[in-house]
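In what follows, a single structure is set out as structure tokens and then discussed.
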Amino acid sequence: MTLDGITYQLLANELNKELEGKRVDKIYMPDKHTVILHIRFTGGYQKLLISIDPGAPRICFAENTLDNPSIPPSFCMLLRKYLAGSRIESVTNPGYERIIEITVSKYDELKDRKTYTLTVELMGRFSNLVLINENGKILDSAIHVDFSVSRVREVMPARVYEYPPSQDKYKPEKALEIAKTGELPFMESELQRPVAKALVGSILGLSPVLAAYITDKADIDDRKTLQMLTDGEKTRLINAIKEFLTSITEGKYTPYLFYGEDGEPEDASIVELKGYAKAKPVSSISEAIDMCYLARDSRLVLDKGRDKLSQIIGSALARVIKKREIHEQDLEEGQKADALKHSGDLILTYKYMVKQGASSVTLIDYASESQSEITIPLNPTLDASGNAQEYYKRFHKAKRKMELAETYLKEDELAAQYLRSLSAAVTAASSVEDLDAINEEIRAEISGDSGFRKGSASSKNTNTNKGDPNKMVGVAKSGKASSRALREAAKRANMNKGNKDKSKERALPCRRYMTSDGYEILAGRNNIQNEQLTFHNASRRDWWFHVKGLPGTHVILKTKPNEEMPSDNAVLEAASLAAFFSKAIILEEHMTSEDSKPGQLKAEVDYCPVSHVKKIPGAKPGMVIYEGYYSVLVEAKEPSSKDL
């Protein structure tokens, strides 16, 4: 969303009407870029969000806000000292600049009335939040700027506050006066530039988006210069400028919120723009800003959480792969056990030929058909019997190592499959709730406290896994979590739980959809929920779907009463849903079909009655075997209905 000087001037007028005379109740600072003021209104309060995030600077009323840290930052404490309990005198803009000034007053401990100004500079990467006293001196700012950072001005405590350098442009009121005389309000330096750029360079606070709106309203090519315009085009442009500037100066405008093809808000403006699937008028600029950035922030939070979990799972997977390589080396060494035993047998057979202190001996291999000679290394400090016993010890050690390596390699493969299924679930996550469910699974599996399964480790404190480092992902011989990444994930998940009463927590529901012909589809958010869904929630008559041979989500198609087989359409939609939640894994494994059309991704999905699905004994949650299944090739596409 483009927030220019004109939009902020109108926003300041809106906020002034809402906030004038209201009291600042509480102040919070969720992060270093965000301050939230709780403003007391009659019958309640509203949250005024101020963000100086370089990528999304804004100020607006907001409903949903971030969690607050347990220890507030020092700048937040300063704001509480001077602003808490104060009354807002005015909200202003210093003349179509990207600045909002909130002036407040309060009485100090000596009952003297003090005035302070919270100046919000919303200028992209130069955004800042500055608290100024009544003498114009800076008390402090969110970001300190000295002359080593900017040679234009300093923003430091105890300095006199100065506005950013002014621009030599016409204010909208002056530009309107010029347009009413029948002239175009262009600066002399802008006469040779294209019309849209000339408007931006001549009128203060006008953004390229608004300039393009004006030229589109006048029905002219914004790439033309002033000299290229006909008299008719000049007249239309002057009329469009007058109409727009009149609506701005008189406050007769309508904020719009614009939606994309997916139904999510994409942009907002004080004029109706083209190129969007839907335009919806809203009551205020503040509401438009909040709704636009709410969707954006949700996507950012989702991406951030997805990246965080992907990093944790990727680190754990790398550890499992490294451990598997070690076990493969052990297996390779163990396969040499028979050769070690044979060397010991040869030494005892030709004991009389082994000389004391020799470093090697060459003997005839009686086991070979050609009776070839073989040279066996010896320990010079041992006699023939001692060297033979040494080889027998190495034989038993290698044999034991091979037996353990074979077992551990199977467990390593299961662990790798489990982590890849977690990775697939993270990639398929479409909401913060999905990530919370995966985080809960990591916490439950590492801590042994899974509330979804019967006979959890918390209720049965057994040591059946002791001595097997691969029985659980990241568990050492001692039974403690050895994967630093997963252990840290479990720790963070537990920290996020806080001191909430576990008995009052409600488990996250599974995904729920409806087919076009009225069948209900359920899909798990993580492996624990997959297991719960398949073996506890689903009926034996329901149908189970899963992408063939790859990690993915368990999908359940609920059957209707007295019905053996659901409709073909329901089967195809449920299979498409199962493929959709494994889309990233399908791409990774290059599972696209040869007959797939450009832009389409197809995968083979197996489905069978739930009664044909069995859990693998001792395996991780969600790992199953099934029989008596059918297969169907479907396109991996997003469900037509929303998650209910």
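Model, not experiment: these values are computed from the prediction. Atoms considered below: every heavy atom in the structure, side chains included; atoms not considered: hydrogens, waters and symmetry mates.
Evaluation of the ring-ring contact (aromatic ring centres under 6.0 Å, His included) rule for Phe61 yields no partner, not counting sequence neighbours. When the salt bridge (charged side-chain N to carboxylate O under 4.0 Å, His left out) test is applied to Arg153, the partners found at least two apart in sequence or on another chain are Glu121. For the side chain to side chain donor-acceptor pair (under 3.5 Å) test, residues two or more places apart in sequence or in another chain that qualify with Asp303 are Arg306. Residues satisfying the ring-ring contact (aromatic ring centres under 6.0 Å, His included) test with Tyr253, not counting sequence neighbours, are none. Qualifying ring-ring contact (aromatic ring centres under 6.0 Å, His included) partners for His38, counting only residues two or more places apart in sequence or in other chains: Tyr28, Tyr45. With sequence neighbours excluded, the residues satisfying side chain to side chain donor-acceptor pair (under 3.5 Å) with Arg159 are Glu154.
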Distance-only donor-acceptor pairs under 3.5 Å for side chains of residues 123-132, two or more places apart:
| residue | atom | partner | partner atom | Å |
| --- | --- | --- | --- | --- |
| Ser127 | OG | Met123 | N | 3.0 |
| Ser127 | OG | Gly124 | N | 3.2 |
| Ser127 | OG | Gly124 | O | 2.7 |
| Asn128 | OD1 | Ile143 | N | 3.0 |
| Asn128 | ND2 | Ile143 | O | 2.8 |

N/O donor-acceptor pairs under 3.5 Å from side chains in residues 277-285, not counting sequence neighbours:
| residue | atom | partner | partner atom | Å |
| --- | --- | --- | --- | --- |
| Ser283 | OG | Glu287 | OE1 | 2.4 |
| Ser284 | OG | Glu287 | N | 3.1 |

Can you give me every donor-acceptor pair (side chain of residues 109-117, partner residue at least two apart or in another chain, under 3.5 Å) with its distance?
| residue | atom | partner | partner atom | Å |
| --- | --- | --- | --- | --- |
| Arg113 | NH2 | Glu89 | OE2 | 3.0 |
| Arg113 | NH2 | Ser105 | OG | 3.4 |

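Between the side chain of Thr249 and the main chain of Leu245, a donor-acceptor pair closer than 3.5 Å is present.
Residue pairs satisfying the side-chain hydrogen bond (donor to acceptor under 3.5 Å, both in side chains) criterion with at least one member in residues 192-206, sequence neighbours excluded, are listed as follows: Glu190-Arg193. Residue pairs meeting the ring pair (Phe, Tyr, Trp, His ring centres under 6.0 Å) criterion with at least one member in residues 158-200, sequence neighbours excluded: Tyr161-Tyr163. Residue pairs that meet the side-chain hydrogen bond (donor to acceptor under 3.5 Å, both in side chains) test with at least one member in residues 210-219, sequence neighbours left out, are Asp216-Lys274.
Here the OG1-NZ distance, from Thr246 to Lys180, works out to 5.5 Å after rounding to the nearest 0.5 Å.
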